[in-house]
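Everything below concerns the one structure shown next.
Chain naming here is simple, since letters A, B, ... match the order of the sequence lines and numbering starts at 1 in each.
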Amino acid sequence: MGKNFKKAVCLLTIMAMLLVMAACGSPQSVNENEDTTKGGATQKEEVPEIHFYKDMMNTEGAEAGSDPDIVKDIQDIIQDATGVKVITHFLPSGDEYATKLNMVLASGTQVDAFLCDGVGVKVSNYSNKGVLQPLQDLLKQHAPIVLDSWSKEAFTKLTDKEGNLWGIPREDVQTTWPMFIREDWLKKCGLEYPKTIEEFENVLKVFKEKDPAGNGNTVPLMTFSRYSRYSLLGGFVKYGLSPWLDESSGQIKNWIEAPGVVDYLTTMNRWYEMGYLHKDFASITDYNGIATEVAKGNCGAVGAWYSVTTFRLPLIQQNIPEANYICGPITGPAGLIETYYAMSGGIGTVVTKKCKNPEDFMKVLSWAYDSIENFVISDSGIKDKDWKWADGTTDVVEKISDRKYFYDFRFAEAVMSLEYTLRTLDPASKFHMDFAADGKCADANRAKKPFDIAFGWDSNAISNNVPTLSDIDRLIDQEVIKFMIGERPISEYDKFIKELYDAGMQDWVDEYTRQYTEIMK
Amino acid sequence: MKITRTGTIKKYKANKMRMYLLLMLPGILYFIIIRYVPMAGLIIAFKDFSPFEGLHGIISGEWVGLHHFIKFTSSYFFWNVMWNTLLISFLKLLIGFPLTVILALLLNEIRHIRFKKTVQTISYMPYFISWVVVAGLLFELFSVQNGIINTIIVKLGGEPINFMAGGSYFRGIIIGSDIWKTIGWATIVILAAITSIEMEQYESAYLEGANRFQKLWYITLPSISEILVLIFILRIGKVLDAGFEQILVLYSPAVYGVSDIIDTYVYREGIINMNYSFATAVGLFKSVIALMLIISTNALAKRMNKEGIW
Amino acid sequence: MSLKKTYKEFNLFDICNYTALTLFSFTFILPFLIIISTSFVGTAEAAAKGGYVLIPENIDLSAYRILLGKGSAMYRAYLVTIFRLVVGTGFSLFFTATFAYVLAQRDLRCRKTITFLVLFTMLFSGGLVPTFLLIRAIGLYNSLWSLVIPLLIDTWYLLIMRNFFMSIPVSLQEAAEIDGATPFQILHKVILPLSMPVIATIGLFYAVEHWNQWFDALIYLEDAKKYPVQLLLRRIIQASKIDNLEHQMTSVTKMPPGDTVKAATIVVSTIPILFIYPFVQKYFVKGIMVGSIKG
């Protein structure tokens with residue numbers, strides 16, 4: 001036993017040593033390339049560097065990162081154009097992005113700029129802690145093109161009450177919660193795309209009766225509680241999903257108290273009872289859950305974030321070639337059913353105080369915003385090497401190489417004048433790109449504007465002054481779904497509102513009213 | 001190498017103590033440096049701390065006293081969340097623990113070595129499937145629209161049951177799936193304990209004509225009772241961890257009322273404003289309760305003539 | 001051998017037992033089979049059937065091509081994982097065993113105090129940021145050792161091992177002491193040989209912990225090239241629970257990974273570790289013959 005033990009220890013040690021060398025050795029050998037380029041750069045005397053941090057997208061294969069040579073190519077193009085070398089660092093996405101980014105910031109690593117994804121990393125979490133630089137003057141002087149590329153509302157959401165702009169937007173006010181309906185099924189049933197909510201209900205009824213998917217698999221309407229607030233609520237409530245001004249009391253109130261909400265809850269409940277909604281309506285609560293169902297090809301209407309449908313349609317068409325989804329305006333008793341999507345101001349690119357030469361970063365941004373071609377380079381790689389314009393067009397991108405690239409340098413995301421004009425030949429994302437390129441992401445005929453579209457709430461003040469904010473959110477989510485599936489009778493709505501006030505809704509109303517009064521001054 | 005009887009026993013003992021110290025030293029250093037030094041950071045529970053400010057933030061953060069504790073305990077859902085945590089946790093323990101012991105004993109009764117090994121290996125497989133994927137499988141299994149279970153219920157003439165969104169059924173799913181996932185893994189240490197029982201005891205029992213149940217009752221169980229008590233006490237210390245990752249991927253607003261636990265509550269709170277101080281305060285709150293529970297269970301174990309942990 | 005005879009009896013209890021365990025095994029292994037077969041399904045078929053598929057119509061390897069194809073970082077990540085598994089488990093086992101052995105000594109002064117202080121760390125910990133700052137301060141940041149040192153001794157495993165050591169008859173140790181053996185010799189020659197089941201068990205626990213850990217790599221490593229397998233694959237598996245707030249949806253402008261890729265991820269990251277257990281089981285089969293050592 002003793003000898004065996006010694007043998008085992010020796011073997012283990014040897015293996016450990018070998019593995020240390022293997023594990024440490026191989027990354028270093030890959031690093032060498034980078035080190036030499038870094039070394040070369042510093043020898044040429046000070047090419048200014050910008051260290052940009054962003055999260056990996058939830059894209060297949062992104063974990064492995066982009067091919068180093070395509071990154072180098074684009075980096076060189078940007079350096080030639082602006083004299084600035086941008087080094088992008090990818091961090092994991094989702095909840096872990098905040099964790100990792102905070103550790104990187106805490107460790108004192110040079111971070112010049114980073115992307116706020118709005119999940120855990122929100123502009124408002126950093127803006128009042130002295131980490132960021134205000135950007136209004138920088139942009140005005142060095143990158144006016146950025147200011148011109150977004151709507152005024154997009155900037156308002158990122159500006160505090162002192163007038164400091166803390167981030168560069170990454171999304172604009174947009175109409176991205178359409179009510180998609182299967183065009184082939186409408187035809188099959190001899191129906192038109194509905195114009196009113198009554199006609200829409202009739203479409204659902206016919207879908208339910210005629211069962212175009214067969215075997216009783218038809219789901220007339222696919223949505224879930226939270227998504228339906230964007231894609232349906234507007235039909236019943238004046239301002240849709242938005243805080244609103246209660247004229248009678250002069251207070252700003254939560255959407256849940258708006259006139260018409262009872263109507264909305266009653267309708268949803270009726271549709272659930274009639275079997276128009278998915279039977280698992282209450283337990284499907286996220287993007288993937290709804291996307292899985294849509295991909296099966298059994299859903300008549302889909303009320304969700306548009307990419308749920310636009311990305312799933314090509315999959316459906318692989319099994320059902322004639323399948324197609326269309327969308328249009330539908331009106332309910334209180335107006336259009338869809339509400340404009342006006343983000344909370346959490347998402348954007350920010351520049352840290354540590355960044356010594358923010359002008360350099362502005363130069364890079366100007367380059368990225370400057371032309372559609374620059375955008376496609378930042379999005380897809382080198383022109384005529386990785387992509388080219390499809391024959392006879394200047395807006396259809398055709399990929400011609402298979403170098404893997406995960407958008408290391410895409411600084412001008414979701415800009416209506418750039419990204420939202422492009423089309424593609426790739427069948428998997430053609431429908432998705434066309435939706436935006438056809439102007440359907442900014443379709444004023446289809447959606448109504450929320451009450452707060454033009455102002456930004458101070459979310460730090462809200463979370464400080466409304467201590468039970470997450471309790472209120474939970475109570476609304478929890479009870480609304482109960483009303484919809486009939487677990488709680490709608491007659492208890494008033495009692496529910498009283499519960500909300502027990503949970504601290506008055507603080508919420510007071511805080512929003514205070515901010516509103518301040519803004520109106 | 002033998003010491004002669006005349007050699008001083010004292011010297012030997014001093015030597016032995018020195019040797020003990022030497023053997024312990026790496027462990028002690030580890031616990032002091034890696035485990036105890038960072039505990040100084042717990043003061044952020046009483047401060048307003050921004051995570052990205054690092055050490056500077058810990059030292060210079062503004063004192064807020066018991067603010068975070070009060071915020072937590074005065075939350076509208078505090079009692080609901082506490083009740084859910086304790087209920088789910090205790091049900092998992094009180095149902096899962098005996099089942100684990102029974103499975104281990106059943107496995108031990110298998111005599112075909114190959115069969116035994118195969119069953120053991122298979123039983124610990126679910127431990128390696130992450131909760132997200134288990135959740136996906138559970139949704140498919142229990143779906144109302146086209147889940148297998150509900151299809152069977154309907155075929156047998158019953159009404160479909162909304163397992164994933166229907167109150168008490170959902171709690172059953174949480175507890176059942178947790179036991180399913182961890183039971184095989186948890187048997188390993190018990191099996192190790194059973195293996196350590198001296199064969200001679202069984203042999204003499206056999207010679208005295210004991211049957212299998214008598215052997216199990218009079219030899220196996222008493223022999224592993226110490227380790228069972230240890231595991232039980234340590235599990236009691238974790239009673240406020242009711243399974244964050246599991247519940248986060250399984251629950252939905254319709255079942256918040258029966259499944260929202262302390263950790264999911266803190267998670268949602270954290271999403272709103274990245275509040276590390278709040279999370280630390282709640283963590284401290286949990287730790288203090290766990291400490292009290294462990295101390296009392298340990299005392300109880302000692303009173304029942306078991307060794308206890310310390 | 002009189003024991004042999006009882007082995008041949010096969011009564012009602014055995015029949016029930018074997019049937020029950022077979023049924024259990026079935027429920028335990030079925031999900032695994034579903035995951036394996038789902039990983040071989042093409043996108044169109046996965047879309048139509050929605051999620052998990054037990055019997056694929058066509059075998060499609062695209063999920064594996066995404067994970068293991070050209071330029072995949074998986075291979076290097078495997079090296080890191082194997083490093084931490086072997087070195088980490090070896091170190092942890094050694095230091096846990098020595099510490100547990102001393103804590104099991106009934107004649108050790110302050111034994112109960114030390115045990116309590118150790119147990120205390122199971123309940124109280126400094127939390128994310130302070131621990132991170134410490135790791136940085138002692139120079140482990142962005143080093144592969146940051147995956148090994150912080151996990152050196154697990155309180156729970158330490159206490160289990162101590163408990164096992166304590167159950168070994170004191171007389172054996174006393175006999176060795178009379179023979180003049182030093183504590184280290186006793187540990188090596190008496191305790192360890194008698195404790196192979198628990199050493200193997202705790203070794204397995206450490207190995208699995210090292211295999212599954214991803215969070216420490218996430219915060220302690222800066223260089224993505226040093227990431228272990230689990231961290232690399234976690235995003236793929238975790239991507240389904242991404243929208244807790246509405247505006248997170250805007251980040252979904254590209255297709256999130258499908259269930260087939262998720263399934264393939266599980267296969268790639270789980271199958272290797274499953275093969276460790278059978279090696280460990282070797283130490284579980286025979287009961288300990290204390291008598292033979294005594295003699």
Side-chain angles (χ1 to χ4, degrees), chain A residues 95 98-99 101-108 111 119-122 124-126 129-131 217 219 224-226 278-286 288-289 292-293 298 459-460 462-464 467-482 484-485 487 499-500 502-504, chain B residues 48-58 67-68 70-72 74-78 80-81 132 135-136 138-140 142-147 150 160 162-167 170 248-258 260 264-276 278:
Chain A
D95 296 339
T99 313
L101 180 70
N102 288 333
M103 293 307 118
V104 171
L105 290 170
S107 74
V111 178
V119 183
V121 182
K122 284 180 269 186
S124 55
N125 283 338
Y126 297 87
K129 300 274 166 61
V131 197
N217 283 333
V219 179
F224 62 84
S225 172
R226 230 179 313 114
H278 195 283
K279 284 183 191 138
D280 294 312
F281 176 68
S283 44
I284 293 175
T285 52
D286 64 12
N288 269 35
T292 307
E293 291 303 318
N298 297 331
S459 51
N460 288 313
I462 293 170
S463 60
N464 284 338
T468 53
L469 189 61
S470 63
D471 291 346
I472 295 172
D473 284 349
R474 175 184 145 178
L475 197 55
I476 293 176
D477 281 347
Q478 172 185 317
E479 299 306 313
V480 159
I481 186 68
K482 284 189 185 160
M484 286 178 177
I485 61 174
E487 220 169 81
E499 284 163 21
L500 272 174
D502 289 343
Chain B
D48 243 344
F49 167 71
S50 307
F52 38 81
E53 284 168 5
L55 193 60
H56 171 74
I58 295 180
H67 172 79
H68 300 297
I70 293 167
K71 182 180 155 85
F72 177 56
S74 63
S75 150
Y76 184 71
F77 288 111
F78 174 72
N80 173 266
V81 161
V132 187
L138 284 174
F139 274 113
E140 292 211 355
F142 290 102
S143 153
V144 187
Q145 185 90 7
N146 44 20
N150 271 315
N162 203 343
F163 288 101
M164 303 308 283
F170 184 66
L248 187 69
V249 293
L250 280 174
Y251 78 167
S252 61
V255 285
Y256 277 171
V258 294
D260 195 15
T264 47
Y265 179 83
V266 172
Y267 174 81
R268 288 199 314 274
E269 177 69 31
I271 278 193
I272 293 176
N273 50 9
M274 208 164 63
N275 201 335
Y276 283 59
F278 181 73

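Neither the backbone nor the side chain of B:Asn150 comes within less than 4.5 Å of any heavy atom of chain A. For chain B, the nearby part of A:Val131 is the side chain; its heavy atoms alone come within less than 4.5 Å. The part of B:Tyr265 that comes within reach of chain A is its side chain, from C-beta onward, which places non-hydrogen atoms under 4.5 angstrom from that chain. Contact annotation for B:Val266: neither backbone nor side-chain heavy atoms come within less than 4.5 Å of a heavy atom of chain A. With a threshold of 4.5 angstrom between heavy atoms, A:Asp502 approaches chain B through its backbone and through its side chain. Heavy atoms of B:Ser50 lying under 4.5 Å from chain A belong exclusively to its side chain. Contacts of A:Leu105 with chain B are made by both backbone and side-chain atoms, with heavy-atom separations under 4.5 Å. Contacts of B:Phe170 with chain A are absent, with no heavy-atom separation under 4.5 Å from either backbone or side chain. Using a 4.5 Å cut-off between heavy atoms, A:Val480 makes no contact with chain B at all.
The OG atom of A:Ser470 sits 6.5 Å away from atom CZ of B:Arg268, with the distance rounded to the nearest 0.5 Å. For the atom pair B:Tyr276 OH and A:Asn102 CG, the distance stands at 4.0 Å (nearest 0.5 Å).
Of all heavy-atom pairs spanning B:Ala165 and A:Ala282, the tightest one is CB-CB, 3.6 Å. B:Phe52 approaches A:Asn125 most closely through the heavy-atom pair CZ-O, 4.0 Å. Contact detail for B:Ser252 and A:Ser283: the closest heavy-atom pair is OG-CA, 4.1 Å.
Within the 4.5 Å cutoff, side-chain heavy atoms of B:Pro253 are placed close to those of A:Thr285. Counting heavy atoms from C-beta outward, B:Phe77 and A:Leu475 have side chains that approach closer than 4.5 Å. Side-chain contact between A:Val219 and B:Gln145 is present, with heavy atoms from C-beta onward closer than 4.5 Å.
Judged as a side chain to side chain donor-acceptor pair (under 3.5 Å), and not counting sequence neighbours, the contacts of A:Glu499 are A:Arg488. With sequence neighbours left out, the side chain to side chain donor-acceptor pair (under 3.5 Å) criterion links A:Asn298 to no other residue.
Of the listed residues A:Lys279, A:Arg474, A:Lys129, the one with more heavy-atom pairs under 4.5 angstrom with chain B than any other is A:Arg474. If you tally non-hydrogen atom pairs under 4.5 Å between each of A:Met103, A:His278, A:Lys482 and chain B, the highest count goes to A:His278. Between chain B and the residues A:Ala98, A:Pro467, A:Gly108, A:Ser225, the most heavy-atom pairs under 4.5 angstrom are made by A:Pro467.
Checking side-chain atoms of A:Asp471 against main-chain N and O of B:Tyr76 turns up a donor-acceptor pair under 3.5 Å. Of the possible donor and acceptor atoms, one in the side chain of A:Asp280 sits under 3.5 Å from a partner among the backbone N and O of B:Val144.
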